[in-house]
S.K.: 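First, the structure itself, so that you have it in front of you.
Keep in mind that what you see is a predicted model, and the values were worked out from it rather than measured. Heavy-atom basis, side chains included; hydrogens, waters and symmetry copies ignored. A note on names: the letters A, B, ... follow the listed sequences, proteins ahead of strands, and every chain is numbered from 1.
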Amino acid sequence: MKTSEINFSKLDKPVPPPPLVVAVLHMRFAPNPKNLTNEIVMISCLTQNSYALDKIAPNPPFQSDFCVFTTPQHTVMPPDIYKTLSNFKRTKVQKMDSEKALLNFFINQYQNLDPDLIVGHDLQGYQFSVLADRLYTHNIKNFSKLSRIRRTSLHHKIDKVLFTGRLVCDIKISAKESIKSRAYDLGTLCQTVLNFKENQRLDLEPEDVPKMFNNSENILKLIVLTMSDATYILRMLYNLNIIPLALQITNIAGNVMSRTLTGGRSERNEFLLLHAFTEKGYIVPEKTPKKSNDEKQKNSKRKPAYSGGLVLDPKVGFYDKLILLMDFNSLYPSIIQEYNICFTTLTVDSSEENILPDKTLPVGILPTEIRKLVESRREVKKLMKSIDKKSDSYMQYNIRQMALKLTANSMYGCLGFSNSRFYARSLAALVTLKGREILTNTRDLVQKMCFEVVYGDTDSIMINTNIVDFDEVNKIGNKIKQEVNKLYQQVELDIDGVFKYLLLLKKKKYAAVTITKLDDGKLKVEKEYKGLDIVRRDWSQIACEAGKIILDQILSDKSTDERIENIHNYLRKIKTDFETSKIPLSMLVITKQLTKDPKSYNDKNSLPHVQVALRYNQKLGGHFRSGDTVPYVICDDGSNKPATQRAYHLDELKSSESLKIDVKYYLSQQIHPVVSRICDPIEGTDAFQIADCLGLDTTSFKKPVIRNENISELVAKPEIKFKNVEPFVFECYDCKQKVYVNSPFNGNILFLEKCSNCDVRPIDYLPYIENRLSSTIKKYISKYYLNVMICEDPACDNETSRLPAKFAGKYPVCTLCKGGIMYKKYSESDLYFQISYFRHIFDPSQSSKKITMSDQIEEGYQSLREIVEKYLNHSAYSVVNLTELFSGFLIRDSQQPHMIFSSFQEMDEEEDEET
DNA sequence: TTTCCCGTCCCTCATG
DNA sequence: CATGAGGGACGGG
């Protein structure tokens, strides 16, 4: 590639392009215990020739490779090292006497290789800065030979420009842009990108490196590991098609390729627009350096500058009829074209008024550029159809169409980016405004066509067709598509898919089974999870897996009973697996990303990942920085601290005798919330039962249900005598004395107006009383659920919660004395009267006494009654059978002694439907 | 040293 | 004790 090598006399004949030299650079560091800096002990390099950037593809064997190493300070090279090194036939392995010699050797090798593209993992900000630091420390004069520019001043900041003139591809950065992974360290990427098994690649932290120099065998191992890593890096480069994609993006945007590889989306866009505007003779806006005003809002989440996409309220539930998913193809780019939204057609402040450009104006620059992108993409996709899917050019076309789509879609984002040269808040706001309009209009239209819209987000709607015929659903989809598309020129609705099952939990949280028709007419089903905890990296893998297995039950073709049965059984199994330590540690790891340097967090104590990172960075070779994902587990360390302060790195757990996994945390804070959120709309199970299966304290999982419900007249006026009931008791918020409420009036005083022991008005802390009331009622319900039975014979005194097998007619026979009949110790009627009693004491107006109440007091009573009535109303089943209630208690045929409050779940669902 | 906004969830802390 | 605000993380589109 050097100019001097080109033979100008041959330029009239076709000259083959010079080969591009691709070089993987991978280094090993050992920490210096004295000053905690890293020293370089090994550099490996693997090179391969290629003839064009868009044809960089795997075709081993590799051109050449070398590995050079030296021993860490205060370590002696094993004497038999030369013999060992002779094992390497293909790889040139060199031993150096010092780090300085190693660096010089490396520079010389690089100068000869003259690589065009340098590939590595975590180069920017880690490997390069260590390298720069060592070059500086040893004052290596010819450091600039690493680059293609002559430099003389060697300073600390040199790492940014160390390889100027060569493309640098850091696969950590590139992977972040192109794939989603739990973490982006080399080991994790090997699993995500190369499908490696858990321990297929051995990970060595810098602190482990010095040990490897104990004997020549380990040195050999270290060399092999390092060279292997280099091959993994190269394979990932190929697998992710990083270079061809970057090349396409660069071609489209017209920026500098090295900058495409270093990330930074807005710059690409900036160049595209710069070219477009300059071409048309416009003077582009000045690049403003930086606003110091925004300084304080830099890190903390500033509030949005304008409103964005609309999210329709989901109709929560499980759907087993076909759901039609429709969405607008690239909505925002289409809107820009549809309404001719551009710098050239609109004034700065025209967004608030929803003013559109005049129809007579010429097409603006922005819409034109987008149009070009969209049309090119259409062309490329057309070309792809006529080509073998396995061929090379198909691949390349596919990459190009991806790049075109990415560029078109990022156009809008850059309008709203406050640091962009082409920042245009009003244009961005107008685009989203039109987006919201279009989505609402579409929803209304679909509803007018008598279809049920169950959800929609920004550019999509889900329609419950209520039918099960796949072809029929597609017909409906086409009909809707036709109607909607009549309204627009550019904006276009299309069928995106059909769901066989849909579990819709919340906005942006759902799971579905998609169904597609293959070419041979067969139907294929696939699962899709969106936004659920199980797709998030900040939950432990065991919680994700549990959630997934439970979800798969719900989304299966099995019967309801079988599904519930399987779910509960699985949960019980998880519990025993935990108790018997059968869960692999790696399943328990929680990973969280550092969004800033660990030191610059304000409340370090409450953030587990920050604590772990800080502690780890104290150690040798620890290097968690902004952007890294920190893995940790929650341990029982004998302390009483909150779970957030008991997070430890896996290494800390392994090397400690006293640390143990906090099983209870994982069951109650990981498995339980994930599973119960998934099961929320499912009948037959609930948070309580899930907690029960996991062996957790169930009382804490009953949620307070406080809603305004009408009460049946039957319950409103029960002419019943209250015996064997207990008063309502709470502690005064102020004097801490117990207050007993056992009638509507305490003398002539309403209990909400004055505490019985001091002067504070209980009405002033009503929410507390409401809560006490809820939990008191729930305490009684729990008591009922205990299902304790006693023998009628006072002499027998048998108590059990197990239903005897033997019955005398309707009644169970005592298992102890074999003669007496068993009754519930706390029966349905006991419970019913207890709760009714509460209603009675919270209703002074029912009394014959005349009393005037302030609005506040009246509302207070009203609120308390509503809580009580909520529970009473849900017990309608028993209320209807009042006679049965009075008759004592009963075992219904073919049923377990049943709970009168079984209908809570159903009530919750009815409420949701109303909204 | 950064494309946007929307929404859920966890945790802590101040306030009633 | 309940509640809401605020910081943080992360995924959807």
S.K.: For the side chain of A/V535, starting at C-beta, report the closest nucleotide among C/dG11, C/dC10, C/dG13.
M.R.: C/dG11
S.K.: Taking only the side-chain heavy atoms of A/K509 (C-beta and beyond), determine which of B/dC5, C/dC10, B/dT8 contains the nearest atom.
M.R.: B/dT8
S.K.: Between B/dT3, C/dA9, B/dC10, spot the one nearest the side chain of A/R677, thanks.
M.R.: B/dC10
S.K.: Look at the side chain of A/V311 and decide which nucleotide, out of B/dC6, B/dT8, B/dC10, has an atom nearest to it.
M.R.: B/dC6
S.K.: When you get a sec, tell me which of B/dC4, C/dG12, C/dG8 is the closest nucleotide to the side chain of A/K530?
M.R.: C/dG12
S.K.: Please determine if A/R625 and A/D122 form a salt bridge, counting it only when a charged side-chain N lies under 4.0 Å from a carboxylate O.
M.R.: yes
S.K.: Among B/dC6, C/dC10, B/dG7, which nucleotide sits nearest the side chain of A/P304?
M.R.: B/dC6
S.K.: Rounding to an integer number of Å, can you tell me how far A/Y601 OH sits from B/dT12 P?
M.R.: 16 Å
S.K.: When you check the phosphate oxygens OP1 and OP2 of C/dC10, does a side-chain N or O of A/Q593 lie under 4.0 Å from one of them?
M.R.: yes
S.K.: Hey, which of these two, A/F417 or A/L310, hits DNA chain B nearer its 5' end, going by closest nucleotide?
M.R.: A/F417
S.K.: Do A/T595 and A/Y601 have side-chain N/O donor and acceptor atoms under 3.5 Å apart?
M.R.: yes
S.K.: Is it true that A/K548 and A/E545 make a salt bridge, defined as a side-chain N closer than 4.0 Å to a carboxylate O?
M.R.: no
S.K.: Using a heavy-atom cut-off of 4.0 Å across all strands, would you classify A/G413 as base, sugar-phosphate, or nothing?
M.R.: base
S.K.: So which nucleotide does C/dT3 pair with, by the Watson-Crick or G-U wobble rule with both distances under 3.5 Å?
M.R.: B/dA14
S.K.: Let's see if you can work this out: which of B/dC5, B/dC11, C/dG8 has an atom nearest to the side-chain heavy atoms of A/L607?
M.R.: C/dG8
S.K.: What is the distance, rounded to the nearest whole Å, between atom CZ of A/R425 and atom P of B/dC5?
M.R.: 10 Å
S.K.: Take the protein atom CG of A/D457 and the nucleotide atom P of C/dG13, then report the distance between them rounded to whole Å.
M.R.: 6 Å
S.K.: Any salt bridge between A/D494 and A/K481, counting N to O under 4.0 Å?
M.R.: yes
S.K.: Using a heavy-atom cut-off of 4.0 Å across all strands, would you classify A/S307 as base, sugar-phosphate, or nothing?
M.R.: sugar-phosphate
S.K.: Write down the distance between OH (A/Y306) and C1' (B/dC5), rounded to a whole number of angstrom.
M.R.: 7 Å
S.K.: Using atom CG of A/N602 as one end and atom P of C/dG6 as the other, report the distance to the nearest whole Å.
M.R.: 15 Å
S.K.: Please evaluate the base of C/dC10 for a donor-acceptor partner in the side chain of A/R537 within a cut-off of under 3.5 Å?
M.R.: no
S.K.: May I ask you to verify if any side-chain N or O of A/T644 is less than 4.0 angstrom from the OP1 or OP2 atom of B/dT12?
M.R.: yes
S.K.: Quick one: A/Y529 OH to C/dG11 P, roughly how many Å, whole number?
M.R.: 16 Å
S.K.: Between B/dT2 and C/dG13, how far is it from one P atom to the other, in whole Å?
M.R.: 26 Å
S.K.: For C/dG13, does OP1 or OP2 lie under 4.0 Å from any side-chain N or O of A/Y455?
M.R.: no
S.K.: Atom NE2 of A/H609 to atom C1' of C/dC10: distance rounded to whole Å?
M.R.: 11 Å
S.K.: Looking only at side-chain N and O atoms, does A/T595 come under 4.0 Å of OP1 or OP2 in C/dA9?
M.R.: yes
S.K.: Can you find a side chain N or O atom of A/K592 that sits less than 4.0 Å from OP1 or OP2 on B/dC10?
M.R.: no
S.K.: Counting heavy atoms from C-beta on, name the nucleotide in C/dG8, C/dC10, B/dC10 closest to the side chain of A/K596.
M.R.: C/dG8
S.K.: NZ of A/K599: more than 12 outside heavy atoms within 6.0 angstrom?
M.R.: no
S.K.: OP1 or OP2 of B/dC5 versus the side-chain N and O atoms of A/Y332: is any pair under 4.0 Å?
M.R.: no
S.K.: Assign each of A/G309 and A/S410 to its nearest nucleotide of DNA chain B by heavy atoms, then name whichever residue's nucleotide is nearer the 5' end.
M.R.: A/S410
S.K.: Counting heavy atoms from C-beta on, name the nucleotide in B/dT3, C/dG13, B/dG7 closest to the side chain of A/D459.
M.R.: C/dG13
S.K.: Which listed nucleotide (B/dG7, B/dT2, B/dC5) is nearest to the side chain of A/N419?
M.R.: B/dT2
S.K.: Less than 3.5 Å apart, any donor N or O on the side chain of A/D185 or A/T188 sitting next to an acceptor on the other?
M.R.: yes
S.K.: Quick one: A/Y510 OH to B/dG7 C1', roughly how many Å, whole number?
M.R.: 14 Å
S.K.: Could you tell me whether the side chains of A/S334 and A/N329 share a donor-acceptor contact shorter than 3.5 Å?
M.R.: no
S.K.: I'd like to know if A/K508 reaches the base of C/dG12 with its side chain such that a donor and an acceptor end up less than 3.5 angstrom apart.
M.R.: yes
